Amino acid sequence: MTLALSADRPEDIRKAGEILRGGGLVAIPTETVYGLAAAVFDPAAVARVFAAKGRPADNPLIVHVAEIVDIPKVCAQAPPIAPALAKRFWPGPLTLVMPRRDNVPDGVTAGLPTVAVRCPANDAARAVIRAAGVPLAAPSANRAGFPSPTTAAHVWNDMDGRVDAILDGGPCRWGVESTILDLTGPVPRLLRPGGVTRAQLEAVLGTVEVDPAVTGPVTEGHSPRAPGMKYRHYAPHAPIYLLHGPLNAAATYVKALARPGTAVLCFNGEQERFRPVPCVPYGDGDSPESLARGLFEALRKLDAPEIRCIYARCPEGDGLYEAVRNRLSRAAGFAVIEV
Ligand code: AMP
Ligand code: MG
């Protein structure tokens, strides 16, 4: 049985901490997406996270700490730039990949010599970490391969009966997962774009390399620095094709090809243009924040048995648009149609 907890009730935060200390799993809100948390130093609890999600064992988890000063609990030797980055962007949607400490179970890091760490900006998330008394290993609280959950209802849909409790903290502020930055190489490398943008990182670091897995498919035999990037992800059952080009051309193209089961993931206000093809709008085309917040819920709506082919409007531009484009591109397996 999965217990329903509310982030508004202090006794529920305490209860979440108690469950985690006892080796249980609790889904918690963060400012990015909902996470599926386990006490980081408990290998059995960590193994249950993989089982509950159906997550491949070679895809490591992100460790969540309540304070910057907790970094040394899981990280052997923070690179010299880490404190400056943490000071500038924590608490917030930036995950740092650093050398791991030996006490971090292999399950958390998938056997890598590194560990991914972040301090979330959500008050309830940090309150639960404090109540648990240890850092929490927490991937997104969805079934593996599916869109990340941005509301407690999404978590219930995926995880009812598979986790001990779900803490409802309302919809997530960002709606896409954290930016991941690898600090273990000679030059900091962006492994996944998110709420902290490339330009913000460059302002602190000067140069940032972008991992090829961010913008293109992972080719056979190549193992990406963030193992998660090699899986199809964020995806409804039906194939997705990204439409590249102006709205007019996109609408003409889709209407010419539409069959029963065709649907469009569009920007707000565009439904009329694609008529009679059914549309799911995900946000304002000129607001990357709005697109990021709405993307995963829209992808969940499109994960319906009657939908067999999805065409998606995908934003151009940098900043948070990059994170939206990255998630959509992965959901589409980088299938792009020039219209
Ligand atoms: P999720 O929390 O579900 O967004 O998944 C965590 C993401 O962080 C996955 O893409 C992992 O591959 C990535 N990750 C976790 N630990 C590491 C690490 N030590 N090095 C590189 N990527 C990592
Ligand atoms: Mg995930």
Side-chain angles (χ1 to χ4, degrees), residues 25 27-38 40 46 49-50 52-65 71 74-79 82 93-102 104-120 122 125 135-150 154-155 158-159 172 174-185 188-196 209 211-214 218 222-235 292 295-296 299-300 323 326-327 330-331:
L25 304 188
I28 59 169
T30 82
E31 80 279 26
T32 57
V33 301
Y34 274 72
L36 180 53
V40 71
V46 169
V49 170
F50 284 85
K53 279 182 64 90
R55 186 176 178 98
D58 68 351
N59 192 4
L61 310 183
I62 294 174
V63 179
H64 293 67
V65 295
I71 293 181
V74 293
C75 175
Q77 228 180 5
L94 176 65
T95 295
L96 300 176
V97 175
M98 300 184 283
R100 75 186 267 196
R101 256 180 81 157
D102 289 343
V104 180
D106 274 337
V108 173
T109 65
L112 294 173
T114 56
V115 64
V117 188
R118 89 174 184 101
C119 176
N122 180 292
L136 300 177
S140 51
N142 52 289
R143 299 292 298 275
F146 289 91
S148 297
T150 56
H154 299 162
V155 183
D158 284 18
M159 291 295 165
C172 300
W174 289 101
V176 289
E177 306 84 347
S178 59
T179 302
I180 303 182
L181 185 71
D182 184 351
L183 295 179
T184 61
R189 179 181 280 233
L190 182 72
L191 303 187
R192 178 174 76 185
V196 170
E209 281 176 9
D211 197 78
V214 170
V218 173
H222 171 79
S223 99
R225 297 268 278 274
M229 298 298 260
K230 70 172 174 277
Y231 297 104
R232 184 171 186 243
H233 205 170
Y234 315 116
L295 177 63
F296 287 145
L299 288 175
R300 279 174 180 265
N326 169 266
R327 303 311 188 274
R330 304 204 68 77

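The shown structure was predicted, so the numbers you read here are calculated from the model rather than taken from an experiment. Just follow the structure's listing: the first ligand is 1, and inside any ligand the first atom is 1.
- Counting heavy atoms from C-beta outward, P139 and P60 have side chains that stay 4.5 Å or more apart.
- Atom numbering of ligand 1 starts at 1 in the shown order; those under 4.0 Å from a heavy atom of L112 are 18 (C), 19 (N), 20 (N).
- In this structure, R100 does not count as a contact residue of ligand 1, since none of its heavy atoms falls inside 4.0 Å of the ligand.
- Of the heavy atoms in L191, only side-chain atoms (C-beta onward) come closer than 4.0 Å to ligand 1.
- A salt bridge links R118 with E31; the closest basic N to acidic carboxylate O contact falls under 4.0 Å.
- Counting heavy atoms from C-beta on, the side chains of E177 and P93 never come closer than 4.5 Å.
- Here the shortest heavy-atom distance to atom 16 (N) of ligand 1, taken over P60, A141, G111, belongs to P60.
- Heavy atoms of I180 found under 4.0 angstrom from ligand 1 belong exclusively to the side chain.
- N142 contributes no side-chain N or O that, together with a main-chain N or O of P149, makes up a donor-acceptor pair within less than 3.5 Å.
- Residues L61 and R55 form a side-chain contact, since some pair of their non-hydrogen atoms from C-beta on lies under 4.5 Å apart.
- Against a heavy-atom cut-off of under 4.0 Å, N59 is close to the following atoms of ligand 1: 9 (C), 11 (C), 12 (O).
- Within the structure, the closest approach of L61 to ligand 1 falls below 4.0 Å when heavy atoms are considered.
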Report the C-alpha distance between K53 and S140 in whole Å, list the side-chain angles of each, state the deciding distance to 0.1 Å, and finish with yes or no for side chain to side chain contact (heavy atoms under 4.5 Å, CB included). CA-CA 9 Å; K53 279 182 64 90; S140 51; 3.4 Å; yes
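- The shell of residues lying under 4.0 angstrom from ligand 1, judged by heavy atoms, includes V97.
- Ligand 1 has no nitrogen or oxygen under 3.5 angstrom from a nitrogen or oxygen of K53.
- The one candidate from I28, N122, V155 that meets the side-chain contact (heavy atoms from CB on, under 4.5 Å) condition with Y34 is V155.
- Near A116, meaning under 4.0 Å from one of its heavy atoms, ligand 1 places the atoms 15 (C), 16 (N), 17 (C), 19 (N).
- Residues S178 and R192 have side chains that bring a donor and an acceptor to within less than 3.5 angstrom of each other.
- No option in T95, L190, V97, D211 other than V97 meets the side-chain contact (heavy atoms from CB on, under 4.5 Å) test with D182.
- Heavy-atom proximity to I62, at under 4.0 Å, picks out these atoms of ligand 1: 2 (O), 6 (C), 8 (O).
- For the pair M98/V117, a side-chain contact is recorded, criterion being any heavy-atom separation below 4.5 Å from C-beta on.
- If you look at R189 next to ligand 1, there are no close heavy atoms at all, none under 4.0 Å.
- Heavy-atom contacts of P139 reach the following atoms of ligand 1: 2 (O), 3 (O) (cutoff under 4.0 Å).
- Backbone or side-chain N, O or S atoms of S140 reach the Mg ion (ligand 2) at under 2.8 Å.
- Between atom 19 (N) of ligand 1 and the options T114, V176, V33, the minimum heavy-atom separation is to T114.
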